[in-house]
Colleague: 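There's a structure below that I have some questions on.
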Amino acid sequence: MSPSPHSWDLTPREAIAVQQQLRGLVRLEPLRQEINTIAGADISFNKFSEVVYAGIVVLSLPDLRIIESVGIRSTSKFPYVSGLLSFREAPSLLEAWEKLQTKPDVLMLDGQGIAHPRRLGIASHIGVLLDWPTIGCAKSILVGRHGELAPEAGSRSPLIDRGEQVGVALRTKKNVSPVYVSPGHLIDLDSAVDLVLRTVTRYRQPEPTRQAHLLVNQIRVADNDERGNET
DNA sequence: GCGACAG
DNA sequence: ATCTTGTCGC
């Protein structure tokens, strides 16, 4: 069951209170169905601007063909605050989600799942609100530490925070810095790692979030030289 | 008080 | 995240 939507017009202090309230709703469990589609979500924006471009790209598995793409333009008043990323990015991402014709079996976010100070990174937060399976695949660490990784693709090391494993540092390609995978909601860590590896091609980032990143930057640039001067 | 700090 | 080109290394 999904909780009743909460306000997004909050102060950082109120946002933390919301996280404390929602953390208890996160469900880490094995996926129930086979995964045939997976989507990636991301946002982009111009420096110093409140306009944000959010996008979601749905891919098929195991072929990784793009089934659908949704990109929207919105605004975000909430500033970037470490630990409160979802309050800046989730609203616009949820708008894009509503416009999707084909809901994916799993949604991958560019950020943390439970590898968060209050165990409610953007992937877990959105997962709980949508009551949908989500995975967090971040490019850097928010909390936790891990041991050294072997240089080969596929090597991993547990990401530990305050004595508990919250995710894994995963080397997706040989000799590249690792990505940090943590379950968001309605999935377990092993399945999350498996899906990330199944969606990696020739880049460090898995295709879902990589394609979403390309999409939002594309619409941002297009929107820029369609309005701004330059003509 | 000091250091850390997703995007 | 965004601002930016070429360049060193596997």
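First the proteins, then the strands, lettered A, B, ... as listed; each starts at 1.
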Colleague: Please report, rounded to the nearest Å, how far the P atom of B:dA6 is from the CZ atom of A:R118.
Modeller: 13 Å
Colleague: For the side chain of A:S82, starting at C-beta, report the closest nucleotide among C:dT2, B:dA6, B:dG7.
Modeller: B:dA6
Colleague: Would A:Y80 count as stacking on B:dG7 if stacking means ring centres less than 5.5 angstrom apart and planes tilted under 30 degrees?
Modeller: yes
Colleague: At 4.0 Å (heavy atoms only), tell me whether A:I141 reaches a base, stays on the sugar-phosphate, or touches nothing.
Modeller: sugar-phosphate
Colleague: Roughly how many Å is it from CG in A:L93 to P in C:dA1, rounded to a whole number?
Modeller: 14 Å
Colleague: Take atom CG of A:L85 and atom P of C:dT2, then tell me their distance rounded to the nearest Å.
Modeller: 12 Å
Colleague: Counting any heavy atom closer than 4.0 Å, what does A:R220 reach on the DNA or RNA strands: base, sugar-phosphate only, or nothing?
Modeller: sugar-phosphate
Colleague: Does the side chain of A:S44 get closer than 4.0 angstrom to OP1 or OP2 of C:dT2 through an N or O atom?
Modeller: yes
Colleague: Considering only B:dA6, C:dT2, B:dG7, which nucleotide approaches the side chain of A:H116 most closely?
Modeller: B:dA6
Colleague: At less than 4.0 Å, is any side-chain N or O atom of A:H213 found next to OP1 or OP2 of B:dG7? Yes or no.
Modeller: no
Colleague: Check whether any side-chain N or O of A:R202 sits under 3.5 Å from a backbone N or O of A:K173 as a donor-acceptor pair, and report yes or no.
Modeller: no
Colleague: Can you measure A:M108 atom CE to B:dA6 atom C1' for me and round it to whole angstrom units?
Modeller: 16 Å
Colleague: Is there a side-chain polar atom (N or O) of A:R119 under 4.0 Å from OP1 or OP2 of B:dA6?
Modeller: no
Colleague: Is any NZ, NE, NH1 or NH2 atom of the basic residue among A:D9 and A:K77 found under 4.0 Å from an Asp or Glu carboxylate oxygen of the other?
Modeller: no
Colleague: Base, sugar-phosphate alone, or nothing: which one does A:L84 contact when heavy atoms must sit under 4.0 Å apart?
Modeller: base
Colleague: Select one nucleotide: of C:dT2, B:dA6, C:dA1, the one nearest the side-chain heavy atoms of A:K47.
Modeller: C:dT2
Colleague: Could you tell me how the ring of A:Y180 sits relative to the ring of A:H146: parallel (under 30°), tilted (30 to 60°) or perpendicular (over 60°)?
Modeller: tilted
Colleague: Hey, which of these two, A:N46 or A:N175, hits DNA chain C nearer its 5' end, going by closest nucleotide?
Modeller: A:N46
Colleague: Would you call A:N46 and A:V51 a side-chain contact if the rule is heavy atoms closer than 4.5 Å?
Modeller: no
Colleague: Tell me the interatomic distance from A:L215, atom CG, to C:dA1, atom P, rounded to whole angstroms.
Modeller: 15 Å
Colleague: Could you tell me how far apart A:I219 (CD1) and C:dA1 (C1') are, to the nearest whole angstrom?
Modeller: 15 Å
Colleague: Checking all strands, does A:G136 fall into the base, sugar-phosphate, or nothing category for heavy-atom contacts under 4.0 angstrom?
Modeller: nothing
Colleague: So, A:R32 side chain and A:P30 main chain: donor-acceptor pair closer than 3.5 Å or not?
Modeller: no
Colleague: Can you measure A:F87 atom CZ to B:dC5 atom C1' for me and round it to whole angstrom units?
Modeller: 17 Å
Colleague: With a cut-off of less than 4.0 Å, is there a side-chain N or O of A:K173 near OP1 or OP2 of C:dC10?
Modeller: no
Colleague: Rounded to the Å, how far apart are A:K174 NZ and C:dC10 C1'?
Modeller: 7 Å
Colleague: A:D110 and A:T209: side-chain donor and acceptor closer than 3.5 Å?
Modeller: no
Colleague: Does B:dG7 have its OP1 or OP2 closer than 4.0 Å to a side-chain nitrogen or oxygen of A:S140?
Modeller: yes
